[in-house]
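Written below as structure tokens is the structure these notes are about.
Note that the structure is a prediction, hence the values are computed from the model and not measured. Counting starts at 1 for both ligands and their atoms, in listed order.
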Amino acid sequence: MEHLIIDTDPGVDDALAILAAAAHPNATIEALLVVAGNVGLHHTTTNAGVIVDLIQRDIPIYAGCGEPLVLAGESAAHAHGDDGLGGTGLTSTRRPEPLHASLALLDMVNREPGKYTLVALGPLTNIALALKLDPALPHKLKRCVMMAGAVSAHGNMQLCTEFNVYADPEAAHVVFEAWGAAGRLIELIDWEVTMRYGFTEELVTRWAALGTPKADFFTAVSAHVNRFIREHRRRTTQYYADPVAMAVVLEPEIVTAAEDHYVAVELNGRYARGQTITDWQDLSGRPPNCRIIMALNGERMWQLVENGLR
Ligand code: BDR
Ligand code: CA
């Protein structure tokens with residue numbers, strides 16, 4: 001059984017990922033830690049409530065950081081809509097717990113070290129803050145799976161970066177370095193592997209016809225991003241990153257190729273602030289901090305996501 005702590009900034013694809021986890025027989029969602037990212041913290045926290053309402057299970061929600069560690073970031077409202085769920089205006093009466101997300105994370109892992117898998121689907125601010133309070137955090141987790149980075153500079157933001165790292169590069173730097181120092185590996189799902197396993201129009205049209213409350217929810221919240229990629233990216237295939245990461249959490253055996261390397265985060269640079277820099281040839285002599293997922297069983301991944309909408 002995977003006991004999941006999901007750090008998230010919902011977000012259309014975060015929602016898909018969380019629904020997939022909720023549907024899997026070998027996983028239980030123990031907490032949602034919320035961070036600002038796709039949109040502001042007020043909206044991402046409300047959206048976490050909307051998703052938990054849909055799942056109909058009592059999953060605690062902890063609100064965390066509303067801003068990046070150092071410099072103000074950009075949102076992804078252009079893709080996810082002003083409220084992060086496609087401008088649907090969905091709301092929830094569910095309220096977050098009084099504890100800050102970073103403290104909730106530490107509280108849980110200290111009570112039961114080695115039990116939880118941390119799944120990071122947003123900017124890494126909450127996790128970086130937790131690491132500053134307790135640098136032993138990587139040792140206290142069973143696994144850490146992350147949607148972060150563009151390991152070969154084929155990103156989705158500003159020439160070459162990926163949103164979750166671009167939105168808070170300092171936080172990503174703290175997290176990547178801490179995992180390396182601990183001699184542990186982050187299971188990394190990056191933007192490039194996401195692009196290898198796109199969600200076609202045919203696939204999502206089939207899902208829309210399922211007629212379940214979850215499928216209807218997904219159809220409603222994804223309408224805005226569908227329009228956005230058609231008009232601004234001139235394609236119809238969607239790249240939903242977070243559910244790809246969640247599929248690896250749920251069934252690690254779907255991974256068919258992976259490489260272990262040291263990955264750094266560029267904090268400066270004219271073009272490359274927020275870029276993940278990969279030591280592909282292990283020239284630095286630094287121990288690997290990431291297991292970079294290169295390929296996986298796409299059919300099974302799409303099936304796991306579809307299960308979440310049934
Ligand atoms: C990541 O950025 C966000 O917009 C998505 O929710 C995903 O976590 C993809 O770059
Ligand atoms: Ca996300």
Q.
Tell me whether the Ca ion (ligand 2) has Asp9 as a neighbour, meaning an N, O or S atom of it below 3.0 Å.
A. yes
Q. Tell me: protein heavy atom nearest atom 3 (C) of ligand 1, and distance?
A. Asn38 OD1, 3.1 Å
(Q) Report whether any nitrogen, oxygen or sulfur of Gly122 sits less than 3.0 Å from the Ca ion (ligand 2) (N, O or S, backbone or side chain). (A) no
Q | Salt bridge flag under 4.0 Å for residues Glu266 and Arg273 | A | no
Q | Residue Met147 vicinity, atoms of ligand 1 by number, heavy atom under 4.0 Å | A | 1 (C), 9 (C)
Q. With the threshold set at 4.0 Å, does a side-chain nitrogen-carboxylate oxygen contact exist between Glu2 and Arg143?
A. yes
Q. Can His80 be said to touch ligand 1, with heavy atoms closer than 4.0 Å?
A. yes
Q. Does Arg94 pair with Asp58 as a salt bridge, N-O distance under 4.0 Å?
A. yes
Q. For atom 2 (O) of ligand 1, which candidate among Trp191, Tyr166, Phe163, Tyr239 provides the closest heavy atom?
A. Phe163
**Q.** Structural part of Thr194 in contact with ligand 1, heavy atom criterion under 4.0 angstrom
**A.** neither
Q) With the threshold set at 4.0 Å, does a side-chain nitrogen-carboxylate oxygen contact exist between Glu201 and Arg235? A) no
Q) More than 12 non-hydrogen atoms from neighbouring residues, nucleotides or ligands closer than 6.0 Å to CG on Asp82, yes or no? A) no
**Q.** Under 4.0 Å to a heavy atom of Asp14 - the qualifying atoms of ligand 1, by number
**A.** 6 (O)
Q | Short N-O contact, Arg227 and Glu231, less than 4.0 angstrom | A | no
Q. So what does the Asp14 OD1 - the Ca ion (ligand 2) - Asp242 OD2 angle come to, to 10°?
A. 70°
Q | Heavy atoms of other groups near Glu253 CD, more than 12 under 6.0 Å | A | yes
**Q.** Which residue and heavy atom of the protein sit nearest atom 1 (C) of ligand 1, plus the separation
**A.** Glu162 OE2, 3.3 Å
Q: Look at atom CD of Glu170 and say whether more than 12 heavy atoms of other residues, nucleotides or ligands are closer to it than 6.0 Å.
A: yes
Q | Protein contact of atom 6 (O) of ligand 1 - nearest heavy atom, named by residue and atom, plus distance | A | Asp13 OD1, 2.5 Å
Q. Quick one: nearest non-hydrogen protein atom to atom 8 (O) of ligand 1, plus distance?
A. Asp242 OD1, 2.6 Å
